[in-house]
Structure formats: structure tokens, C-alpha cells
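Notes for the one structure printed next.
Worth saying up front: this structure is predicted, and the values here are computed from it rather than measured. Chain naming here is simple, since letters A, B, ... match the order of the sequence lines and numbering starts at 1 in each.
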Amino acid sequence: MPELPEVETIRRRLAPLVEGRTLREMEIVDPRWCDPLDPVALIDALVGRRVERLDRRGKYLIWEGQDEVFLLMHLRMTGTVLYDPAPDTPYVRVRLTLDDPPSGGQAGHTLCFCDPRRFGTGELAFGRPALDDFLDARLGIEPLGPHFTSDHLFTLTRGRLAPIKAFLLDQRRIAGVGNIYANEALFRAQIHPLRPAGQLKRKQIAALRDGVVGALSAGLNAGGASIDDFRHPDGVRGAFQNEFLVHGRGGEPCFVCGREIRRFVAAGRGTYACERCQVRPRVL
DNA sequence: CGACACTCCTGATGGC
DNA sequence: TGCCATCAGGAGTGTC
């Protein structure tokens, strides 16, 4: 599942290939992708515009077109963006053609949004204020930004009765953390996923901040995690799935203490924890 | 505020 | 081997 590190990996690799190019053609194979927007209207709004910048906020990949027309792509569970993929690539939902013909070739480069489960979405925003309204309504602080401090996280968690796992998954509080990185961050911080967020002490909050930043950074350095369909734009897999400390390791020994990693459901998601390293709250 | 159910979707998995 | 039921899960929405 693409979370912040996966989307940022895509952005970094794609940006040099698309920035400054003009969108020449666009085909929306699956109109559900931009529902309730009319695919024709979306195409009309974008085709002919230069891509000024490829950006990211939380798990959104943001294409800034000429004159502040923004395309917001969310990859959800199984979305990928492939650059010049093989012609028989399956699950293509959207196809984009850029105006830069390869040297000697005829056609421009092609970008495909592929998404087996079809959860991914495309939305438009006209003008920067509209973009900011859209993002501010959905997303909280950027965890890899300069303002994501221990003090800030402490303030955010005060009074919250929800389990810290649910808190981390709420995009309106912290933007970009999904199930994998929440599991990894909580293990790094030695905090049990079911502990109420507001109950955490300053020291634990400091460890959690470092755990979130550490897990996301490690994911980014590994080029993201490819456990489902995630691929880089050139089709290469990420490597972070080989570095998971707890995620997906139910029944296997904890790398720190050797106790069996437990799997249970928290916040409706598959949750993995070492209940020796991450002490379970007494009341639970 | 928060827990929970439901929706979208399809590949993977398990039972028989 | 085939067929059906179940599951996973990000985010939005609705209910209690």
C-alpha cells in the first residue's frame, strides 16, 4: 500500500521526467477513477497544460498544471504510476501522454496509472486557495517536515482517548502514516498500539516522534515497501518490506527480545506488536 | 468525541 | 480440480 514513503518515492523519480513537459493526451479507461467528476471535463481541464511541478502532501501526489490547475492523485491500496510501461501492462485505469518525443522515436512518453482494486482516485482543484482548502480539510501535519516536533505531537495527543494506533492512522492529525508505518513506528517507540493517545508521557511522545520519523525515513531510503503491487515508475520494487521489524511478522520472534510477534486487530487494521517490548496497557 | 459498520474492489487464501 | 466464502484495507459516510 502506498503510504508517504512510497508516494514520495514516486514523486522523486517522476518529477525530473515530467516537470516542464506538456500533457498532450489523456485517456481515462475507468471513469470511476474521477467520480463524480465527468472524465471529459477533467481531460479538458488538463490536456494542453504544462506540468509545472510534481508535489506531494500526505499520500496525495499533486500535479501542478499551468495556471494553477491541480490534479490530485490518491493511490489508495494498490495504485502505481508507471512511466513508459510495456504495452500489455494490466489494470491500466488512466493513460497520459507527454509532449517530449524520445530521440528518434515518434510518440511522446506515456504514463499509466495502474490500480488492480480500483480504489485510487483523481480529483481537480482550480487555483491554489482551492487546493489548500481541499488539503487542509483532510490532512494534518507533515511528519517529515520541520514542525513535527515532540512538543507538537504532545499537544496533538492531549485529551485523545482513542488508541495511539487509531490516532496515527487519522490523516487529519498526521498526514501520510498508514498501517505499515504505524506498526513500525510504534514498535520503534516501544509503545503498545492500544494505549490511549492522551495517556502517553512526554518521554514516550518523544520516542514516538522519533519512531514515526525513523520508520518513514527508513522506508524512504529503501525506496518504499513493495508488499502489494507497489512499483517505482520504472517498474522496480521497493526494498523496505525486507526491513520490517514487526509488520507482517505475526508468529515470528521479535528481533530485540525473541518473544513471538502478536497479530491482532486495532483500529480495524491488522496490527503487529511485540508485547514484551511494547507493554500492553494493564486495563486491556 | 469515538467506536463501529458499511461501501468501494479484486487477488489471494482456505475449506470441502 | 473447481467452486464458493472470506479476507484485506484507505478513506468517506452514516449511526449510535
Problem set entry | Whole angstrom value for the distance that separates P of C:dA11 from CE of A:M73 | 15 Å
For this session: State whether A:R76 places a side-chain N or O below 4.0 Å from either non-bridging phosphate oxygen (OP1 or OP2) of B:dC8.
Result: no
Exercise. Should A:R138 be listed as having a side-chain N or O under 4.0 Å from OP1 or OP2 of C:dA11?
Worked result: no
For this session: Kindly point out which of C:dA11, B:dG11, B:dG2 is positioned nearest to the side chain of A:Y91?
Result: B:dG11
Exercise. Under 4.0 angstrom, heavy atoms only, what part of the nucleic acid is A:N179 near: base, sugar-phosphate, or nothing?
Worked result: sugar-phosphate
For this session: Please report, rounded to the nearest Å, how far the P atom of B:dG11 is from the CE atom of A:M77.
Result: 14 Å
For this session: Give one of base, sugar-phosphate or nothing for A:G178, where a contact means two heavy atoms less than 4.0 Å apart.
Result: nothing
Problem set entry | Candidates C:dA11, C:dG9, B:dG2 - which lies nearest the side chain of A:M1 | C:dG9
For this session: Send over the distance from A:K165 NZ to B:dA3 P, rounded to a whole Å.
Result: 13 Å
Exercise. If every non-hydrogen atom of A:D67 is compared with every non-hydrogen atom of A:R49, which pair is closest and at what distance?
Worked result: OD2-NH1, 3.4 Å
Exercise. Atom CD1 of A:I164 and atom P of B:dG2: how far apart are they, to the nearest Å?
Worked result: 11 Å
Exercise. Of the candidate nucleotides C:dG10, B:dA3, C:dA8, which contains the atom at the shortest distance from the side chain of A:P163?
Worked result: B:dA3
Exercise. Would A:Y272 and A:H192 count as a close aromatic pair, with their ring centres under 6.0 Å?
Worked result: no
Exercise. Can A:F119 be classed as stacking with the base of C:dG10, given a centroid separation cut-off of 5.5 Å and a plane angle cut-off of 30°?
Worked result: yes
Problem set entry | Side-chain donor/acceptor of A:R117 to base of B:dG11, under 3.5 Å | no
Problem set entry | Close side-chain approach of A:F255 to A:L245, heavy-atom, < 4.5 Å | yes
For this session: Report the distance from atom CZ of A:R93 to atom P of B:dC8, rounded to the nearest whole Å.
Result: 16 Å
Problem set entry | Side-chain N or O of A:H74 closer than 4.0 Å to phosphate OP1/OP2 of C:dG10 | no
Exercise. Hey, do the aromatic rings of A:Y60 and A:F134 have their centres closer than 6.0 Å?
Worked result: yes
For this session: Round to the nearest Å and state the distance from A:R263 atom CZ to C:dC7 atom P.
Result: 11 Å
Exercise. Once you round it to whole Å, what is the distance between C1' of B:dA3 and CZ of A:R160?
Worked result: 14 Å
Exercise. Any side-chain N or O of A:Q171 less than 4.0 Å from the OP1 or OP2 oxygen of C:dA11?
Worked result: yes
Exercise. Would you say a side-chain N or O of A:R172 is under 4.0 Å from OP1 or OP2 of B:dG2?
Worked result: no
Exercise. Between atom CG in A:D170 and atom C1' in C:dT13, what is the gap in whole Å?
Worked result: 14 Å
Exercise. Can you list the steps and then say if A:Y181 with A:E6 is a side chain to side chain donor-acceptor pair (under 3.5 Å)?
Worked result: CA-CA 11 Å; A:Y181 291 93; A:E6 287 73 28; 2.8 Å; yes
